[in-house]
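First the structure, in the form of structure tokens, and then the observations on it.
Letters go in sequence order (proteins before strands), and every chain restarts at 1. Basis for what follows: all heavy atoms, side chains included, without hydrogens, waters or symmetry-related copies.
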Amino acid sequence: MKTLPGSGKIILPADESRKQLYYELISGGSGLLLALFMWGHLLLVGSILLGARGFDWIAGILEDYYIAQPTVAVIIFAFLVHAVTASRKIPAQLHERKAMQQLAKGLRDAGRGRPLASHEYSAFKPHLESMLWIWQVRTGMVMLVLGSSHLILLGLDIFTPLFGVTTGIEAVSSLERVQAGLWPLYGLLLLCVEFHASVGLYRLMVKWGIGSRITRPTLRRIERVMFWLLLGLGILTLVVLAGWLSPPLAFLITD
Amino acid sequence: MEHIETTDVLVIGGGLAGERCAIEAVSAGQDVVILSVVPPRRSHSCAAQGGMQAALGNCIKAGGDSPDVHFLDTVRGSDWGADQEVARMFAEEAPIAARELAHMGVPWTRVRPGMNRYFIKGQRVEIDEPAEKAGLIMHRDFGGTAKWRACYAAAGTGHALLYAVDSQVVRLGIDVRDRMEVVALIHEGGRCWGAVARCLRTGRHRAFLARATVIATGGFGRIYGQYTTNATINEGTGASVALDTGIVPLGNMEAIQFHPTVLVPSGILITEGCRGDGGYLLDKNMQRFMVEAEPDKQELASRDVVSRHMMQCMKDGRGVDTPAGQHLWLDLRHLGEKHLTTKLREVWDICRDFVGLNPAKDLIPVRPTQHYSMGGVRVNKDGHAYGMAGLFAAGEAACWDMHGFNRLGGNSLAETIVAGRIVGRSVAKFAAGSSLSVNTALALSCVKDAERRAGDWLGRSGSGPGVYAIRDAIAETMIKRVGIFRDGNELEQAVAELKQSLARVDQAVLRSKVPGMNPELSFALRLKGMARLALVTAMGALARTESRGAHFRRDYPLRDDAGWLNRTLVRWPRDAAEPSFSYEPVGLIDLPPGHRGYGSAERIEMTVPITAYNDRVADGQNAQGRQASDEPIGSRMKWGEH
Amino acid sequence: MASESAQKRRHLRFEIFRYNPEDQESTPQLQSFELDETPYMSLFLALNQIREKQDPSLQFDFACRSAICGSCAMMVNGRPSLACRTLTEDLPELIRLHPLPAFALIGDLSVDTGTWFRAMNERVGAWIHEQQAFDPNAREEPMNDDLAQAIYEGDRCIECGCCVAGCGIANIQPEFYGAAGLNRIARFMMDPRDKREAGDWFEVVSSDEGVFACVGLMACHDICPKELPLLEVHAYLRRRMLVSRIR
Ligand SMILES: Cc1cc2nc3c(=O)[nH]c(=O)nc-3n(C[C@H](O)[C@H](O)[C@H](O)COP(=O)(O)OP(=O)(O)OC[C@H]3O[C@@H](n4cnc5c(N)ncnc54)[C@H](O)[C@@H]3O)c2cc1C
Ligand code: HEM
Ligand code: HEM
Ligand code: SF4
Ligand code: F3S
Ligand code: FES
């Protein structure tokens, strides 16, 4: 406990403040880890574009060299930790969420429908980031449900021969799962994860002032490009997994 | 007793003067309550842009500066209307005040060692600032000064000062009540015991009893309606509650300053720092008319002189015509974007936001507009009001009288801090040496009176005039007839019109009777005071048949040191229909009246020797109710040491 | 100058939030007003016209009317803005005005920002914590002008409350210092005259009322009428807090 001279107001004890710093580091760090993982994930799953053989080849390498198993454990852990630490910021009360949403909507729409300012500067550039945060929360919620189901399935698959032929990741079981009717859920999860991760990374950069030489509009542009690029690649992968398109790059891997 | 609170010192006004004074009193162990109509950081002091005069002499162009030179500039600027002893005290304490502010955290602009580029009288000049002065407080040029002397924080000096001073108020835990408007003083037998305030949240009244009361309510520019640079809250309630006592005189109310460069059409000030930093004034033919008019000081003559030249220039048909009236141009383009967005940043923002201009590329439309009231509650050199023990005043609300008939730019911020220090000390001393011996019945009856006045307004009905219409009528009269150029006929007309407006206040009817603060009622309660201030200003101007500083009479264009080397005092005795005027000597004279160095050199010389004049000062002022000061009159004079 | 806007005169419609807590008959509602636009009309002029010509009971706050005192912040079509510096020509014909959220309502468009800011300034200790008393006879301490300018930049906040009202977190967590509070902290942190050290600051800044309450909504930065670089300030504080724990 410490009092400041003059006002005599009481400030939080130091260990409480330290806790806040650690929470912040953990939620941001786990988010970052997950986001980076998702790039690798995309490459892994994207290998289906090379055909089932390509997919199995990569999966095989990851498993044979014991990259996959610890990663899976770490990611599951990070996923849980991130979910817990990040959601401490989600407003608990309905009326609080409503207030935030109303505010964010107002800020998003403020600039719309106005006549062009007669001078260059206008205080009415629309502001989107508040709304983006709300969507981050929403997509996070969706991921909590769909992502954990996905992880449970995957976990079972990797360590047990529940699906497919062998233990571990293999194209057959993946194709089986997706085609068994899980594709809409995967589609939704994909959309959520790409949105959440790109906005999350953008926010992380701004929050810590990383790359402060790059201006915010530039960061926003990078965020958008990343989002569409990764989403596109993910959709293509999903389409192949769902069996609507034969692997377009399969010709690369021939005997 | 829920209507009454007590404290040691009551400070009315949370601007620079009030807060600095409160800090001094609290440091001396007194309990202080500050009342303010707005949160203190929103006081109009925050709007001051250009700088604060203090003779630190840090940069090359300030070399050789000293409080003596500052004193001379101030007295010349005042057109010899100032109290020279007060000007002396002020000039000596201003450097301490500026350094104290640095200590409190003001981010003063500092001296950059090495080659610096300046614009001086239209020339680009390079000056090598020596390394040993590196990082000391920098100065900029201002009108009417012999040296660069204005200390500044970009073009947000007042803001930086007010935030630093208020941070000390927060630190000391001083009790500040915002949205509390003083509507009357509590006094009895020539002793002031505090004030009645009306809460602007609830509309309820409350008495604050104190051993010493300080009026620091700022200027009253709003009697000029929209034709002023002042905030909407500068309605002169402080001066008018003093006038209402019937005992306390207001000094030099006719001394009204017009600032040369005010943005058209918004009426927002563009600081003198622009001209100090090398900006020009241009007429519609892009001619620098100030170079012809004042070859020596050019754009940097004192404000009264520049404003008159500008008005004349427009009268001569050299102004730019627009639907919003005539204006001239202020040219800052040559200063460059870098300078404009750093040292004059606030000016840049104002131009962009209010008229969509880019000062690096565009000319700025300006014309002179009401800006400052040199007059106010007349006090002695301790800040103690004439005729009323326990009542003090400081800052723009006071007529301490270092400004006489024209205030120099940057001297007002300096005054608020210096007066805050000096008056604060004497307030604390006065409060410590007296006890609160007042009947609470007096306080309650004052609250009752105030409630009755509000009740009268609410009770009145019928088809009388609206309060805003009366305000507008007063403003039109003031700007048209009590402006930069005055003459007898116009002023007589003005007095007649203002008397009519004053009479109409009593017939006015409110259109809204809602409970609570009721904005219309809040304004109505100030209206009579404003009408009275306007009237005493016009009557004072009519009576003064000479031209001095900002008071310029076409029919008496010369300064008359034989007849008018004096200060106007006005009282409004209780229940009297008209105010009564009297005059006192300006104070002890050290620097004999002479040519200011700009403006007209012609004048009517004094007929009595200075020594004879000085001999009369004490008696002349005592007769007007001057309180005895801690140090006897004249003890601060430095006879001739300049 | 006035050319373009003088030609197209518009008819403006205002929808203004009304509620007078002192009046028992008053209930929160929106009231409509109409007004003809004039060149360079600011909301200061518009609101005063409405009050003087149409409804004299309308409450709102203005003082400087030049964007420096911070009195007049309100929600203009959903966005916190300084009304005195908002020109109607930059707005659509329908203008909705609400009082700032996150602050106590005084009446209609008037809110109590003063009390909030005083409390915030007390809590963060927003004054120079020097070691030596002022010496009237000493020359001022020199300071590099670039540093002085950087401090001035942070000092420019006018306590209008826009950043607080526009921040979702500040709206639901009244203890949060808000962007203005964090900016105030950073201003004193970079001032060498303030002798508080990393450890003194840590407790103030790192708490969940401080910088880690902020989730990076960025509204504060986009809204601040004085265009303070608030996000850079937040990032600076985060990094300082991190470094002060690592060391
Ligand atoms: C636009 C502008 C720019 C300026 N620039 C400069 C400059 O560059 N340099 C310079 O030296 N000077 C400048 N000045 C002048 C200078 O700013 C003022 O003279 C000075 O700040 C006045 O300070 P003050 O403390 O006396 O009053 P203010 O700062 O006006 O404070 C008055 C206080 O009194 C309170 N108050 C008023 N009436 C009542 C009441 N009835 N009851 C309770 N409280 C009340 C108000 O709320 C406020 O807190 C400028 C002035 C203006 C208008
Ligand atoms: C389990 C489901 C998830 C939930 C409930 C969730 C929730 C959240 C929330 C509420 C935030 C904002 C926190 C804050 O601003 O302090 C956030 C931030 C973030 N999330 Fe998630 N998230 C989830 C999964 C993920 C995943 C899978 C990724 C990676 C792809 C991820 C990446 C990020 C990143 C990078 C941030 C930014 C961190 C920051 O701003 O400090 N999140 N998450
Ligand atoms: C623990 C590590 C993970 C592994 C080993 C893994 C593995 C896989 C595999 C093999 C597929 C193919 C489909 C299937 O087999 O069902 C897949 C698809 C997918 N996974 Fe994961 N996953 C992991 C974590 C995650 C996480 C944390 C998320 C997001 C919250 C996620 C989101 C997706 C999505 C959206 C798809 C659809 C494919 C696409 O179009 O890209 N995965 N994953
Ligand atoms: S930081 Fe900006 S928005 Fe916030 S109070 Fe200060 S000036 Fe207003
Ligand atoms: S809007 Fe609020 S959450 Fe942070 S970035 Fe600004 S303070
Ligand atoms: S009235 Fe002062 S900021 Fe708008």
(request) Check whether any side-chain heavy atom of B:R41 sits under 4.5 Å from a side-chain heavy atom of C:R118, and report yes or no. (result) no
(message) Given heavy-atom pairs under 4.5 angstrom as the criterion, report whether the side chain, backbone, both or neither of C:I158 touches chain B.
(response) both
(message) Heavy-atom cut-off 4.5 Å, strictly under: side chain, backbone, both or neither for B:S266 against chain C?
(response) backbone
(request) Specify the closest pair of heavy atoms between B:S167 and C:A126, including all atoms of both residues, with the distance to one decimal. (result) CB-O, 3.3 Å
(message) Taking side chain as everything from C-beta outward and backbone as N, CA, C, O, which of these in C:F60 sits under 4.5 Å from a heavy atom of chain B? Side chain, backbone, both or neither.
(response) neither
(message) Do the side chains of B:R110 and C:D146 get close enough for a salt bridge, i.e. N-O under 4.0 angstrom?
(response) no
(request) May I ask you to check whether B:R511 and C:S57 show a side-chain donor-acceptor distance below 3.5 Å? (result) no
(message) Please find the pair of heavy atoms, one from C:P56 and one from B:P519, that lie closest to each other, and give the distance.
(response) O-CG, 3.5 Å
(request) Under 4.5 Å heavy-atom distance to chain B, tell me which part of C:R65 shows up: side chain, backbone, both or neither. (result) both
(message) Is C:A138 close to chain B through its backbone or its side chain, or both, or neither, when contacts mean heavy atoms under 4.5 Å?
(response) backbone
(message) Does any backbone or side-chain atom of B:Y163 lie under 4.5 Å from a heavy atom of chain C? Answer side chain, backbone, both or neither.
(response) side chain
(message) For residues 20-30 of chain C, which residue pairs pass the salt bridge (Lys or Arg N to Asp or Glu O under 4.0 Å) check, not counting sequence neighbours?
(response) B:R204-C:E22
(message) Taking side chain to side chain donor-acceptor pair (under 3.5 Å) as the definition, give me every residue that meets it alongside B:R421, ordered by chain and number, with sequence neighbours left out.
(response) B:E93, B:E100
(request) May I ask you to test the B:N58-C:E140 pair for a side-chain heavy-atom distance under 4.5 Å? (result) yes
(request) Examine whether an atom of B:L56 lies under 4.5 Å from a heavy atom of chain C, and if so say whether it belongs to the side chain, the backbone or both; otherwise answer neither. (result) side chain
(message) Among C:I106, C:L58, C:I151, C:L45, which residue has the highest count of heavy-atom pairs closer than 4.5 Å to chain B?
(response) C:I106
